[in-house]
Amino acid sequence: MKKIPPGAEAANIFVGEVEYLNHQVVAFVRLAKAQIIGDLTEVPVPTRFLFLLLGPVGNQNKFHEIGRSIATLMSDEIFHDVAYHAHSRDDLLAGIDEFLDQVTVLPPGEWDPSIRIEPPKSVPSQEGRKTAASGPPQPNGKLPAEDEPEDHSDPTLIRTGRLFGGLINDLKRKASWYKSDFTDALAAQSVASFIFLYFACLTPIITFGGLLGDATDQSMAALESILSGCICGVTYALFSGQPLTILGSTGPVLVFETILNDFCKEHDLNYLELRLWVGTWTGIILYIMVAFDLSALVRFITRFTEESFAALISLIFIQQSLGKLFNVAGSNRPNLHPNDVLDYNCTCIYITNETIPANESSLAATTLGALNQSVANITVNVTNYLDASIEENRLKCPGELIGAGCSTPFFVPDVFFCSVLLFIGTFTIAMSLKMSRNASFFPTIVRGMMSDFAVLIAILSMVLTDFLLGVNTPKLIVPKDFAPTSPNRGWVVSPFGKNEWWLSIAAIIPALLCTILIFMDQQITAVIVNRKENKLKKGGGYHLDLFVVATLIIICSFLGLPWFVAATVLSINHVNSLKKESQCSAPGERPKFLGVREQRVTHLMIFIFIGISVLLTAVLVFIPMPVLYGVFLYMGVSSLRGMQLIDRIAILFMPAKYQPDLLYLRHVRTKRVHLFTFIQVVCLGVLYAIKSVKEIKIAFPIMVLAMCFVRKFMDKLFTQQELKWLDDIMPEVHKREKEDEEKKQEEQRRSLIEDSTSIPMAALGFNMGGENWTVAAQVDSDALNISEEMSKTAMWKSIMSNESSSNLASQNIDDGDHRSSSKNLLLGDEDGRVAKGKKEIRDWSSIKPFRGIAEQLQNGDR
């Protein structure tokens, strides 16, 4: 009963044979009100429809197929809507006709009926069938693809033409949803998402905090990152336009902070003071962009740019997780040659200067006393020896190491290999449990809970494993004292006093680069979160989000805290953790994706708990770092799943006949797909190279912006039809030229339809005695139907009369307008994929097993 949605009604189908009938009797009954009819149904569901078929003996298999066909019709959501609203037999016939227009015909001998056909991963929408102007049926039963709006026609990206018009519209739109942003979070899925994202956000904050401390000479470190995360995260969760976007410390921003700190060291400038002015100017420029609705430039950020940037961030997460894991081997080296004899014989020799008071040296006092001289102290060089066979003494040795064993490294048993096991175990458990939602084991509720709490289960199981093993693996380091990391700074940065005054104005130059980076980082992530495939109902708020981020950057600049912007990988994982799927599905049917649980509570609670993490030191210190590195890897890999870029890279290594039936492969040649993929991979490699090379890191923001220009250049290499399937269509600069071209093409099409076609009679084999006769045919492509014209011929009527019953034959002779349906056939092309063909079938009543239904409904037997 849990599989049956509330309000469901049943259709009972009865077929049978009786000896006293010479012809078939059919009744299709719709009750005015659904009723429970005894034990007719296997489950206590009220019956609304009854189908009864009785006929003479000897047609059992035929009757069974007719009943099965009626059941198939009633399982179709479009036909059963027709059945609910039908007023006559003609309405039912029209519903059957429409259903047959959409079915796929499998030729006999091409498939095994005893083998179950797996349901599709994603069921195409049936909305197009509900409209009268849905167009002709498409090959293979597929609906025509909806055209993507060419200019990302999101209402939030339309320029209003007035100051702060976009921001005002965002505020008005989000105000109506604000209450539901808190009530919609009342679900166990929200708790699972909060726990997962808490660890997923805390780990990079502390990790990037440590990296930031190294890059800024401890001006900002882990504690400052935690405080900034709490302030920025809570503020953004409460006031942003899209709370599904998670703020974080990102790799591109870390690159910019490193470049700015290196510049300050080279020119003897105060880093925090210059950074304050850079952040202030960045916030002001972002305010100007909000005022003039420049977030509309997001229209030029297509899937090409989005996926390249998202793939870069995912690769950074994967590279960081693996790099940090192997750093464990640097501090805890494993002994790869356990049979070798280790020699640690080593001595540390160092010289110190010791001062001896004169009154303690009798010889010095006698000699200097005879000379009547007074000396207070005597300095003596003392040679010291320290046993360096212990690692701690070797590291502290202030002098020279002497001995054969001084170069022998100190090995730490088990730590690295245990860290690798924890790392792999965390990733494997999290990924396996996350994918268990569609598995064959356990009830649906259990699988759903396992999938929602996958990361938490992985963390707890690996922490318990580490505790039971007792190996001293590296643990999470959390600051204990609430104070700035550097003793030379306070919690508020002074804007003047340490640098020249003119630097406050010159800071606008690096602020422009920082603006490009933050705008691209923020808005690319927002576009990815707000994509149509996520089925968001409350919409985004690009202008409001950018305004909040600009305000937070200015606040963090004055407090000397790291800047937080939208984190791509964290945001993607936040959306994935809140996806909703249908609970009511038939056995073997895949759950349908319903949308995302849009709310603010998970974002708010994540960063509140991050803020109080300083108070949870006693618990957090038990979490091994390799476990968190495994979470890093899981986040990077799960973010890559579902990217079209990854699918196209996989296609490069597949023979044509093994390639998946992806939509763009049906409309774009494979070589063109590979060319598009090659260009995107090259751009991704250039981005990664620029980020990794210290000397050219400064060009990273410019290269991210250049991705949009590269995509615009690709309009010259690919047709708009190809780009429509491989990517989003970029907005046209000259709309008038495009409209004129469309108008011209429409006029040409009409002229071709309206023109008469003249055929010389001589070409048809007629000798007209020297006269030049022509036959003029007025062509109407919409009115001409070869199937219907063929059905009017005497030969076709003869064929149909032999195939159908006498009643049906006589009705077909009298009726000049016959129904025709298009059936879809599957034809193999040269690449081994399924091509789309079409075959006109004169009457749906000629198709088994629907022939019997048609005969009875058209005969009017009741």
Side-chain angles (χ1 to χ4, degrees), residues 148-181 232 235-245 247 279-302 305-306 508 511-532 536-555 557 563 565-566 598 600 701 704-705 708-709 712 728-739:
E148 287 282 340
E150 293 188 358
D151 57 350
H152 301 257
S153 56
D154 189 325
T156 62
L157 296 178
I158 298 176
R159 298 190 64 181
T160 60
R162 62 182 188 274
L163 286 178
F164 294 101
L167 177 63
I168 294 173
N169 291 341
D170 284 351
L171 289 171
K172 290 180 179 179
R173 183 172 54 257
K174 301 304 293 186
S176 60
W177 296 103
Y178 198 77
K179 181 179 178 181
S180 65
D181 284 344
C232 297
T235 304
Y236 194 85
L238 291 174
F239 303 108
S240 67
Q242 183 50 274
L244 293 176
T245 303
L247 297 188
T280 302
W281 280 114
T282 300
I284 293 173
I285 297 173
L286 291 176
Y287 282 149
I288 295 173
M289 299 182 74
V290 173
F292 291 96
D293 297 342
L294 294 184
S295 289
L297 296 174
V298 169
R299 296 177 303 159
F300 292 92
I301 301 176
T302 66
T305 307
E306 295 168 28
I508 193 173
L512 290 173
L513 293 175
C514 185
T515 300
I516 295 173
L517 186 63
I518 289 178
F519 179 83
M520 297 295 290
D521 210 347
Q522 173 70 32
Q523 301 296 49
I524 287 177
T525 304
V527 169
I528 293 174
V529 171
N530 292 323
R531 286 198 72 88
K532 283 188 175 181
L536 302 183
K537 297 180 180 179
K538 301 181 181 180
Y542 295 95
H543 310 281
L544 179 57
D545 289 346
L546 198 61
F547 181 84
V548 174
V549 168
T551 305
L552 292 173
I553 287 176
I554 295 176
I555 293 174
S557 299
W563 298 326
V565 294
E598 302 175 62
R600 299 178 183 269
V704 174
L705 179 62
C708 296
F709 294 97
K712 189 63 179 176
D728 299 325
I729 303 298
M730 297 192 75
E732 293 287 343
V733 179
H734 304 291
K735 290 288 186 182
R736 184 179 299 276
E737 295 179 2
K738 180 182 177 183
E739 292 175 359

Give the minimum heavy-atom separation between [X] and [Y], together with the two atoms involved.
X      : Y      : answer
Pro243 : Ala237 : CB-O, 4.3 Å
Ala296 : His543 : N-CE1, 4.5 Å
Thr282 : Ile518 : CG2-CD1, 4.1 Å
Leu546 : Gln522 : CD1-CG, 4.3 Å
Lys174 : Arg600 : CE-NH2, 4.3 Å
Thr245 : Ala566 : CG2-CB, 3.4 Å

When rounded to the nearest 0.5 angstrom, what distance separates [atom1] in [X] from [atom2] in [Y]?
X      : Y      : atom1 : atom2 : result
Leu513 : Ile508 : CG    : CD1   : 11.5 Å
Ile168 : Leu544 : CD1   : CG    : 12.0 Å
Thr305 : Lys712 : OG1   : NZ    : 12.0 Å
Arg173 : Lys538 : CZ    : NZ    : 13.5 Å

So, do [X] and [Y] sit near enough that their side-chain heavy atoms are less than 4.5 Å apart?
X      : Y      : value
Gln523 : Leu297 : no
Ser557 : Trp563 : yes
Ile555 : Thr235 : no
Val290 : Leu286 : no
Ile516 : Leu512 : no
Leu294 : Tyr542 : no
Thr551 : Tyr287 : yes

Donor + acceptor pair across side chains of Trp281, Thr515 (<3.5 Å):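 Result is no, nothing qualifies.
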
Given 3.5 Å as the limit, does a donor-acceptor pair link the side chain of Asn530 with the main chain of Ala526, or not? yes

Check against side-chain contact (heavy atoms from CB on, under 4.5 Å), Phe519 and Val565: CA-CA 9 Å; Phe519 179 83; Val565 294; over 6 Å; no

List the steps, then state whether side-chain contact (heavy atoms from CB on, under 4.5 Å) holds for Leu247 with Leu552. CA-CA 11 Å; Leu247 297 188; Leu552 292 173; 4.1 Å; yes

Please say whether more than 12 non-hydrogen atoms of neighbouring residues, nucleotides or ligands are located less than 6.0 Å from OH in Tyr178. yes

Tyr236: ring-ring contact (aromatic ring centres under 6.0 Å, His included) partners, not counting sequence neighbours: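 If we apply the ring-ring contact (aromatic ring centres under 6.0 Å, His included) test to Tyr236, skipping adjacent residues, the hits are His603.
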
For Phe164, which residues count as a ring-ring contact (aromatic ring centres under 6.0 Å, His included) partner, sequence neighbours excluded?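 Partners of Phe164 by the ring-ring contact (aromatic ring centres under 6.0 Å, His included) criterion come out as none, since no residue qualifies.
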
